[in-house]
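This report refers to the structure that appears directly beneath it.
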Amino acid sequence: MAIQVYNTLTRTKQTFVPKEPQQVGIYVCGVTPYSETHLGHARPSVIWDVIKRYLRRWNYQVLHVQNFTDVDDKIIAKAQERGVDALELSAYYSQDYLESMDALGIERADVYPRVSEEMDVIIDMIETLVEQGHAYEAEGSVFFAVASFSEYGRLSNQRLEELQSGTRFEVDPNKRSAMDFALWKAAKPDEPSWDSPFGPGRPGWHIECSAMARKYLGENFDFHGGGTDLIFPHHENEIAQSKGATGSPGARYWLHSGMLNLKEEKMSKSTGHFLTIKEALQHYPKELLRFYVLSAHYRSELEFHDEKLDEVRRGWQRLNQFVRELRSSVGEELPVPCPLSGAEQQLKEDIAEHRRRFDDAMCDDFNTALAIAVLFDLMKVVRSYMEQAAASAENRYAQSLALQSFTELGSDVLGVVQWHDTESEAPKDGYMDAAMRLILDVRQRLRQEKNFELADQIRSELQDAGIVLEDTPDGTRWKVE
RNA sequence: GGCGGCAUAGCCAAGUGGUAAGGCGGAGCUCUGCAAAAGCUCUAUUCCCCAGUUCGAAUCUGGGUGCCGCCUCCA
């Protein structure tokens, strides 16, 4: 079996063949840090996190590079508005980004190059482009000459003439053609600038990704990722720059994730229409947010609504509750492997079958929605086994195989199954616990005396206070809503 | 105007030629003093519409309708 990925560049699903055996180079476009990290950023992050984890299951060694575009018009504008240093501002929001990602359980990239620290390779690439005849200087700025690159428009499937006719913004008079884009912007007063052979200034938006990806991943590396909103012009321009300078478009597989909309409108920093990751995490556990993001294919659009989250929450809880039960049934100590027969052997085969289906799903362009469905199917199979199985060494070993699968697939790969019982982390302090124990004891006595009226009243009034009681055969559980 | 995508049950959502996964919700049942929780069972003769190709279409082709994204900073 091989991994198939949908490549925007070819607009087909292709078999993934790494440049180097068992090694994968990934460049994912990061953020321009000038505002809080929002849920829109969570989508590609979660997806690439899962892709990385999955590739490792195939024993690939992953090198993941993700940039911070910390020199940019928006950053400078906001810094001036607030009267702070532009780099300090971007450092602050870069940190916010990293913290948000950590909080979502996303593994960090191996390298986080920043424009401000990579001027040499950026300038180097601009010089090469000028030498190759793909770029020209004008009044201290350098522009990429789109006309010099015949393949321009291939990624976004646009023809140059059409693009030009659609141009609505004010064109820099120094440009030879309206579609040309800046590689180097001449310094303006009161703006941060760096020295270069073209004079003081700063890089344009797209060049940093081409230069930094090349520096850390080389030419012709494996994956380049980002949201669909980056296809044009960002990635189109990156390809033009990379191919113009090196002959290689940079990456061989271009993967784009769909937008995450908030109440039917795309989240966007510039419009202020967004929900930050930190805000969302106050209401929803990270595993639930990941579950939600992964419940749709990464290329499709996804709506974010509080109600939608609440809708999927129940199913997610059932899955987690089941894994908790399985974990406690298996116990702390890992059972010793032993030969299986009968129902245990059947379960072992069922597990293997579901693992195959999980891999089939993930290998088909990382179909996480299908992969999650496989986990639900497996849950059902394991549960029906557990209901009829008698305790034995074989039984415990068979269950541990099931648990191992949920751990590997649900936690290690997808990160949707919780490791710990978060209910125990609910606000239950010592005093509260003692008080509740007393109340439950009294109520239990009432129930034994068949004074159900009063017992139910206690439950009902606690419920109004936000404390839910559940009478089970093993006693009464309580939790804070 | 150009480019691209999407349309599957009340909702979310897989499924690219072989007769509709999964989740939520809903209904019934089991358990329970009751409730909750949990479990079990059921829940689309049909995939936006119309034509066509085919033994066979949600899947392919043509036409139509609707929604969305990009074309300007964006993940």
Side-chain angles (χ1 to χ4, degrees), chain A residues 8 11 13 28-32 34-35 37-48 66 69 72-75 77 97 153 156-159 161-170 179 205 225-234 236 256-261 264-271 274 291-292 295-297 299-303 305 307-319 321-322 325 357 361 364 367-377 379-380 383-384 386-387 447-448 450-453 455-456 459-460 463 468-473 476-477 479:
Chain A
T8 307
R11 277 179 284 280
K13 258 188 215 172
V28 182
C29 276
V31 293
T32 301
Y34 71 90
S35 172
T37 313
H38 63 69
L39 274 175
H41 301 124
R43 176 106 113 135
S45 307
V46 168
I47 287 153
W48 281 100
Q66 186 164 343
T69 299
D72 168 89
D73 291 359
K74 288 267 162 74
I75 297 172
Y97 179 86
S156 55
N157 199 27
Q158 316 245 23
R159 283 177 309 160
E161 313 84 81
E162 305 294 353
L163 283 170
Q164 281 172 326
S165 70
T167 304
R168 273 176 283 160
F169 51 94
E170 199 183 330
M179 284 314 295
W205 176 30
T228 53
D229 54 349
L230 294 180
I231 293 172
F232 190 91
H234 186 54
E236 189 73 70
H256 291 98
S257 46
M259 293 295 108
L260 182 75
N261 298 334
E264 285 155 20
E265 191 187 317
K266 180 186 158 187
M267 281 194 211
S268 175
K269 283 187 288 200
S270 54
T271 57
F274 61 80
F291 183 89
Y292 186 66
S295 69
H297 186 89
R299 277 193 286 117
S300 60
E301 249 175 50
L302 186 59
E303 282 302 320
H305 268 233
E307 309 90 80
K308 294 261 166 70
L309 253 288
D310 293 334
E311 267 173 39
V312 302
R313 180 175 226 146
R314 178 77 61 139
W316 170 82
Q317 271 173 335
R318 268 182 59 228
L319 182 64
Q321 180 60 32
F322 172 72
E325 279 165 26
R357 285 176 54 205
D364 185 11
N367 191 337
T368 53
L370 191 52
I372 286 174
V374 172
L375 291 185
F376 275 96
D377 285 342
M379 174 168 85
K380 192 166 182 173
R383 176 136 52 203
S384 92
M386 283 167 79
E387 267 164 22
R447 291 176 69 206
Q448 277 160 2
K450 310 267 183 219
N451 189 345
F452 295 121
E453 196 184 335
D456 288 351
R459 182 173 62 197
S460 156
Q463 170 117 43
V468 179
L469 299 193
E470 289 170 10
D471 296 321
T472 75
T476 302
R477 279 203 306 251
K479 63 181 181 190

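Below, chain A is the first sequence line, B the second, and so on; all start at residue 1. In this text, all values refer to a predicted model and were calculated from it rather than measured experimentally.
Between L230(A) and M379(A), the residue anchored closer to the 5' end of RNA chain B is M379(A), taking for each the nucleotide with the nearest heavy atom.
Taking atom C1' on both rC71(B) and rA58(B), the two are 32 Å apart, rounded to the nearest angstrom. Here the separation of rA38(B) from rC49(B), taken at their P atoms, is 37 Å to the nearest Å.
Remark: the T8(A) side chain and the H256(A) side chain contain an N/O donor-acceptor pair separated by less than 3.5 Å. Side chains of Y97(A) and Q66(A): a donor-acceptor N/O pair is present below 3.5 angstrom, by distance only. Side chains of T32(A) and D72(A): no donor on one and acceptor on the other come within 3.5 Å.
Ranking rC3(B), rA75(B), rC73(B) by closeness to the K74(A) side chain, first place goes to rC73(B). The listed nucleotides are rA38(B), rC71(B), rA21(B); the one nearest the side chain of R383(A) is rA38(B). Between rG23(B), rA14(B), rC3(B), one nucleotide has an atom nearer to the side chain of S300(A) than all others, and that is rA14(B). Listed nucleotides rA14(B), rC3(B), rA75(B) differ in distance to L260(A); the shortest reach to its side chain belongs to rA75(B).
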| message | At under 4.0 Å between heavy atoms, how does the protein contact nucleotides 27-37 of chain B? Give one character per nucleotide, 5' to 3', with B, S or -. | response | ------BBBBS
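Within the nucleic acid shown, Q463(A) has no heavy atom closer than 4.0 Å to any nucleic acid atom.
Within the 4.5 Å cutoff, side-chain heavy atoms of R11(A) are placed close to those of N157(A).
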